Amino acid sequence: MNSPTTSIKELGKNRLLPNVKNIIPVASGKGGVGKSTVSANLALALARTGAKVGVMDADVYGPSIPTILGITQKPLTENNRIIPVEKYGLKVISMGFFIPVNEAVIWRGPMLHKMVNDFLNLVDWGELDYLIVDLPPGTGDIQLSLCQTIPLTGAVIVSTPQDVAWNIAQKAIVMFDKLNTPVLGIIENMSHFVCNHCGKSEEIFGSGGAKRAAENLEIPYLGGIPIDTSIRLTADEGDPVVHKDPASRPAKEFIRIAEQLVAQVDLRKSQGETKKVPTKVDFLNQPQIQIEWNDGKKSVYSPKKLRAECPCAGCVNELTGQRMIEVNRIPDTIRALAVHPVGRYALQIVWSDGHATGLYGFELLRKLTSSLE
Ligand code: ADP
């Protein structure tokens, strides 16, 4: 039964995996920029500090983490829980463990959503300081599902220096911003090439693009990784450079970037929530719906008007923006039956007319405050 007041103070807290302190997705705008290589080496660099680290390979279209970490065994199941494979001190789960090699994955959104859910619900991650999530490239269903299912500490964006890669990477940044997931920083991979013979550094793709863009977007720049044969060879061998040769120059770059990342995580935690988020929703005590925000503001909404503003694809034509729901067909007696927080960015309202697909983003709710009060 619903309590008359739904406290959503746990918004931003991780109820699904309470023993995992930080969940950090690693994203890129396009494939082949070295996102998986960076994810694996970053995870190993974090583990070197004594932290407990897990890696969730959610790159369903090209799961390369098992290859990079040299894992050939499958995870075991105990009491209907999947036990992650342990390698180099990391707990690892990958879609690659569950799909036959050479089989193309052609999945629709709901199946991808289920995979993310299973990886969070069914895997026995135990206690972790960091869960690194290797995302597929782009801004698709898996990214959305992850942000909706669990509050993320913040995302790391990997880009190569070419403008083209960087422009695409910006789309990922915009997506995380919309989903109220902080971007902890940007890593420029393949930022330069250091000649093994003469030690001269060459900027093959041009360099500094990610750093400049990070400054413009006021996002932390975590550092650059050189293009280096040892990074590729060690990844191909299944023993990444940070584990195989931690004293090497490229390994030291990964270790330095991991330190920057830890600093950003700590900074975010000390700052607390900087965006405006609801802390309490009261929808059963009175005819109106009341929201209390973390900045002290209180908003009051008429259920009928809020129902009419439902932003779901069934109520608004996504191409034309035309509203398909007629206000005069919404009963005056409409009520919210339940309100659930979705990730860090929206509330899902279950209405008494049976409609529940609308996710009311916090920004939308703040915008509607004055017009609907
Ligand atoms: P993504 O996950 O973005 O698709 P991968 O991590 O699979 O990219 O990397 C693509 C290829 O580039 C792999 O062969 C990998 O070993 C190589 N690679 C990635 N980063 C570097 C680097 N800094 N130097 C050399 N090779 C790299």
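These numbers come from a predicted model, not from an experiment. All ligand and atom numbering here is 1-based and tracks the order in the structure.
With rounding to the nearest 0.5 Å, the separation of CG in Asp57 from CZ in Phe119 is 7.5 Å. For the atom pair CG of Leu261 and CZ of Phe254, the computed distance is 13.0 Å after rounding to the nearest 0.5 Å.
When the heavy-atom distances from atom 4 (O) of ligand 1 to Gly32, Ser28, Ser64 are ranked, the shortest goes to Gly32.
Side chain of Thr153 to backbone of Ile23: a donor-acceptor contact under 3.5 angstrom is found.
Annotation: Ser36 places an N or O atom under 3.5 Å from an N or O atom of ligand 1; distance criterion only. Among the atoms of Val33, some N or O lies under 3.5 angstrom from an N or O of ligand 1.
Using a 4.0 Å cut-off to heavy atoms of Thr37, the atoms of ligand 1 that qualify are 5 (P), 6 (O), 9 (O), 15 (C), 19 (C). Near Pro226, the atoms of ligand 1 lying under 4.0 angstrom from a non-hydrogen atom of the residue are 22 (C), 23 (N), 24 (N). Interface atoms of ligand 1 facing Lys35, defined by a heavy-atom separation under 4.0 Å, are 1 (P), 2 (O), 3 (O), 6 (O), 8 (O).
A donor-acceptor contact closer than 3.5 angstrom links the side chains of Asn22 and Lys269. One side chain, Gln148 or Tyr345, offers a donor N or O that lies under 3.5 Å from an acceptor on the other.
Looking only at heavy atoms of the protein, atom 20 (N) of ligand 1 is closest to Asn189 ND2, 2.9 Å. Nearest protein neighbour of atom 17 (C) of ligand 1, counting heavy atoms only, is Arg232 CG, 4.3 Å. Closest to atom 24 (N) of ligand 1, if we only count protein heavy atoms, is Asp228 N, 3.0 Å. At the top of the distance list for atom 8 (O) of ligand 1, counting protein heavy atoms only, stands Gly34 N, 3.1 Å. Of the protein's heavy atoms, Met190 CE, 3.9 Å lies nearest to atom 18 (N) of ligand 1.
Figure legend: Arg366 and Trp293 shown as a cation-pi pair, the cationic atom lying under 6.0 angstrom from the six-membered ring centre and within 45 degrees of its axis.
Put simply, atom 13 (C) of ligand 1 has no protein non-hydrogen atoms near it, under 4.0 Å away.
Ion pairing between Lys275 and Asp177 holds under the 4.0 Å rule for side-chain N and carboxylate O. By the 4.0 Å N-to-carboxylate-O rule, Arg249 lies too far from Asp228 to be salt-bridged with it.
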